[in-house]
Amino acid sequence: QVQLVDSGGGLVQAGDSLRLSCAASGRTFSIAGMGWFRQAPGKEREFVASVSWRGGSTYYADSVKGRFTISRDNEKTTMYLRMNSLKPEDTAVYYCAASRSYTNLNFRERAGYWGQGTQVTVSS
């Protein structure tokens, strides 16, 4: 089992930055990839970014490319999402996710483990 705890959300203004963190514990040696998803009210949970745990390859949704940066610290078993130039449409609950099978979590079905979610609200 893998446990995930995400944090770092908050209320910011358009153009501001935030950094989300996701701390993994448990059988972290088995993690192949981790990622971030988000879910806005009334919408489906969507892919944001993912990172392969060993190789460090990164993948992004088109809507966040150039603004968000995903990274991981293997020693701390922690993943981060640096979000710059935030827009009101980025408002959502952000969830971290992990997979023991996939290095790229670009589909929610690939995630085997989820964090509890952290709210990000961007005001205009």
Side-chain angles (χ1 to χ4, degrees):
Q1 291 287 342
V2 174
Q3 294 79 42
L4 304 174
V5 177
D6 40 34
S7 61
L11 171 63
V12 297
Q13 294 187 329
D16 285 350
S17 299
L18 271 178
R19 189 180 79 160
L20 305 182
S21 299
C22 177
S25 61
R27 299 174 66 87
T28 57
F29 62 88
S30 66
I31 293 175
M34 294 185 69
W36 291 96
F37 290 75
R38 66 186 182 186
Q39 188 167 17
K43 294 189 176 181
E44 295 286 323
R45 189 171 300 188
E46 64 175 5
F47 168 74
V48 175
S50 71
V51 59
S52 64
W53 198 245
R54 291 177 179 77
S57 297
T58 57
Y59 312 89
Y60 295 94
D62 288 343
S63 58
V64 306
K65 276 182 184 176
R67 298 189 300 124
F68 291 10
T69 302
I70 190 170
S71 62
R72 88 272 190 251
D73 183 327
N74 293 55
E75 287 190 9
K76 295 182 179 179
T77 60
T78 301
M79 175 182 64
Y80 305 97
L81 184 68
R82 177 68 179 183
M83 306 185 294
N84 294 331
S85 303
L86 282 161
K87 305 175 181 180
E89 49 264 44
D90 294 318
T91 295
V93 177
Y94 284 70
Y95 298 89
C96 69
S99 172
R100 297 170 61 182
S101 303
Y102 297 98
T103 57
N104 181 5
L105 277 72
N106 56 347
F107 297 100
R108 60 179 295 181
E109 292 78 12
R110 292 187 171 186
Y113 305 95
W114 293 93
Q116 80 283 3
T118 184
Q119 176 71 48
V120 173
T121 303
V122 185
S123 64
S124 58

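Sequence positions, counted from 1, serve as the residue numbers for this chain.
Remark: Leu105 CG to Arg110 CZ distance equals 7.5 Å, nearest 0.5 Å. Rounded to the nearest 0.5 Å, atoms OG1 (Thr58) and CG (Asn104) are 9.5 Å apart. Separation of atoms CG (Leu11) and CD (Gln119) is listed at 9.5 Å; rounding is to 0.5 Å. Residue Leu18 holds its CG atom at 9.0 Å from CZ of Phe68, rounded to the nearest 0.5 Å. Considering OG1 of Thr28 and CG of Asn74, their distance stands at 9.5 Å, rounded to 0.5 Å. Rounding to the nearest 0.5 Å places OG of Ser85 at 9.5 Å from CG of Asp16.
Remark: the Asp73 side chain and the Thr78 side chain contain no N/O donor-acceptor pair separated by less than 3.5 Å.
Met79 is connected to Leu81 through a chain of hydrophobic side-chain contacts under 4.5 Å among Ile, Leu, Val, Met, Phe, Trp and Tyr, so both are in one cluster. Tyr95 and Ile31 end up in different hydrophobic clusters when Ile, Leu, Val, Met, Phe, Trp and Tyr side chains are linked at under 4.5 Å. Cluster annotation: Ile70 is not connected to Tyr102 through the hydrophobic network of ILVMFWY side chains, with a link wherever side-chain heavy atoms come within less than 4.5 Å.
Looking at heavy atoms from C-beta onward, Val2 lies in side-chain contact with Leu4 at the 4.5 angstrom threshold. Side-chain contact between Met83 and Val12: absent, with no pair of heavy atoms (C-beta onward) separated by less than 4.5 Å. Contact check for Tyr59 versus Asn106: no side-chain heavy atoms found under the 4.5 Å cut-off.
Judged by distance alone, with hydrogens and angles left aside, the side-chain atoms of Ser52 form no donor-acceptor pair with the main-chain N or O of Arg54 at under 3.5 Å. In this structure, the side chain of Gln116 engages the main chain of Asp6 through a donor-acceptor pair within 3.5 Å.
The shortest heavy-atom contact between Met34 and Ala98 is CG-CB, 4.0 Å. What you find for Thr91 and Val122 is that their closest heavy atoms are OG1-N, 2.9 Å.
Hydrophobic cluster membership for Tyr80: none, as no Ile, Leu, Val, Met, Phe, Trp or Tyr side chain comes under 4.5 Å of it.
Between Phe47 and Phe37, the ring-plane angle classifies as perpendicular under the 30° and 60° cut-offs.
Within the structure, the salt bridge (Lys or Arg N to Asp or Glu O under 4.0 Å) test picks out the following pairs touching residues 79-95 (sequence neighbours left out): Arg38-Asp90, Arg67-Asp90.
With a 6.0 Å radius and a threshold of 12 heavy atoms from other residues, nucleotides or ligands, Tyr113 has its OH atom above the threshold.
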